[in-house]
Enquirer: 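This structure is in structure tokens; I'll ask about it shortly.
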Amino acid sequence: MSNISIIGAGYVGLVTAVCFAELSHRVNLIEMNPEKVNCLKQGIIPLSEKDLPELWQRNWEAGRLSVTSDYAQGLADSEFIFITVWTPATGNGKPDLKWVRSATKSIAEAANRPMVIVLKSTVPVGTADIVAGILARSGHNGHRFPVVSNPEFLREGMAIFDFMHPDRVVVGASDQNAADAVAALYEPLDAPIIKCDNRTAEMSKYASNAFLATRISFINEIALLCDEYDVDVVQVSRIMGMDPRFGSSYLNAGLGWGGSCLPKDVKGLIHMGKSRGVPMPLIRAAQQTNESQPYVVMQKLHQLLGSLEGMTIGILGLSFKPNSDDMREARSLLVIDLLKKHGCQVKAYDPLAMRTTAEVFPNVTYCADAYEVAAGSDALILVTEWDEFKELDMKKIASLMNKPIIIDGRNLYDPEEMAQAGFIYDGMGHRATKAKQLEGIALDGTQAM
Ligand SMILES: NC(=O)c1ccc[n+]([C@@H]2O[C@H](COP(=O)([O-])OP(=O)(O)OC[C@H]3O[C@@H](n4cnc5c(N)ncnc54)[C@H](O)[C@@H]3O)[C@@H](O)[C@H]2O)c1
């Protein structure tokens, strides 16, 4: 078994740590935020991710995990150092490598033996060379620090499962021994291991995320057309998804992509293109479509309510995706901002993300559940498709509202069932056909004859 250090106890760092510990390695986490270190020492996980607390506790008790802010202590016996620090976009979209550079410098200062450096953070093409350069210039005791690029493809909310059952493991390196050693860590997972050079590994991560983002924007554009032609995009994407040439995932129309990865990685790829004179029109268009999705929802609200001034609008779901408390680039933030600009009162409920949202929008009324959101609201917007929103008593929700209007930003509900529950319903390219709508509900909530 190996000794592994992981720099950065965020989503990726913590998941990587517990999973390698679960595979019987000894893992030292190095985290610069002392509050996080204290929490972790007490067994408190500072983020929400399925199965993470249980795996942390089990491996902590087994003595396979430790956490510190001290690089010398955290690197003492390490053979592998995984860098999993944040790489946010700067104002012009360029990924900010400040944290990668600073982690690398700290490694160079503290390392006292040869170690393999593994870059797991999402970093632009050429970053492994930058990291290798910083380490080479430090010339620490003449030790060698080969750099391996090992991008992470996990999905928040499914992160432990994804780490343990990867579709592929990418190991990019110019040093064959280092590549073999990192590949060996993943061998028990029984996944295809792709060995390549560092640049290919770095590019593969950006290309993958930009492709996922483009698929979502593609179906969102089709959804706009479906609205105009009275076609249900949910059926269209189902039909498309049955084609084995492209499959069904990331083909759900809705409010668009947000979160910690797709927005910044799309910006990062566009910036990479710009800096080499490659215009990337397709990916720019995907980004543009995504930016307009909250406005599509606002337009739907206007159509149903007229002026929004003084209206009370309820938001169901705040986090960027279900089963996560992550609010980075969450669509709800854009929607709330637009509602506030139109003079609306906003009420909201989310199972996990209300505390973080309140830091950005203290002037939203945060509710105990969806029923409290519905009470007195002039319309609801479903922003995040949490499972619990599928189980709601929608008749009761409609009866509590001032006007029983719902904009389904994730196409979670069946338009006809919603009409039966008493709702005026509109989804994203997903609504009852015009004939069904006429049989449906009038604006005051009474059944139209
Ligand atoms: N979150 C995801 O779903 C996901 C998936 C795949 C890849 N990634 C990539 O992985 C990287 C990390 O993402 P994340 O979401 O885990 O970030 P995060 O912000 O949740 O965690 C980063 C952690 O690193 C710590 N840190 C920063 N600099 C440090 C330093 N010099 N020394 C010690 N600790 C330091 C921070 O305090 C923070 O706790 C990013 O490049 C991201 O694009 C993220």
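Both backbone and side-chain heavy atoms feed into the values below; hydrogens, waters and symmetry mates do not. Only a predicted model underlies this, so the values are computations on that prediction, with no experimental measurement involved. Each residue takes its place number in the sequence, starting with 1. Note that ligands are numbered from 1 as they come in the structure, with each ligand's atoms numbered from 1 the same way.
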Enquirer: Record the part of R155 in heavy-atom contact with ligand 1 below 4.0 Å; permitted values are side chain, backbone, both and neither.
Expert: neither
Enquirer: Under a 4.0 Å heavy-atom limit, does V123 contact ligand 1 with its side chain, its backbone, both, or neither?
Expert: neither
Enquirer: Does R155 offer a backbone N or O that forms a donor-acceptor pair with the side chain of D162 under 3.5 Å?
Expert: yes
Enquirer: Is it true that atom CE of M115 has more than 12 heavy atoms of other residues, nucleotides or ligands lying nearer than 6.0 Å?
Expert: yes
Enquirer: Please classify the M158 to ligand 1 contact at 4.0 Å (heavy-atom distances, strictly less than): side chain, backbone, both or neither.
Expert: neither
Enquirer: For atom CD of E291, is the number of surrounding heavy atoms from other residues, nucleotides or ligands below 6.0 Å larger than 12?
Expert: yes
Enquirer: With heavy atoms under 4.0 Å as the rule, classify the contact between L47 and ligand 1 as side chain, backbone, both or neither.
Expert: neither
Enquirer: Does any N or O of ligand 1 fall below 3.5 Å from an N or O anywhere on E156, backbone included?
Expert: yes
Enquirer: Show which atoms of ligand 1 fall inside a sub-4.0 Å distance from at least one heavy-atom site of C261.
Expert: 2 (C), 3 (O), 4 (C), 5 (C), 8 (N), 44 (C)
Enquirer: Should the heavy atoms of other residues, nucleotides or ligands under 6.0 Å from OH of Y206 be counted, would the total exceed 12?
Expert: yes
Enquirer: If I compare all heavy atoms of D350 with all of S319, which pair ends up nearest, and what's the gap?
Expert: OD2-N, 3.1 Å
Enquirer: Using a 4.0 Å cutoff against the non-hydrogen atoms of S102, which atoms of ligand 1 qualify?
Expert: 31 (N)
Enquirer: Is the closest heavy atom of F153 to ligand 1 under 4.0 Å?
Expert: no
Enquirer: At under 4.0 Å between heavy atoms, which part of F320 makes contact with ligand 1: side chain, backbone, both or neither?
Expert: neither
Enquirer: So, Y371 versus Y349, ring centres under 6.0 angstrom or not?
Expert: no
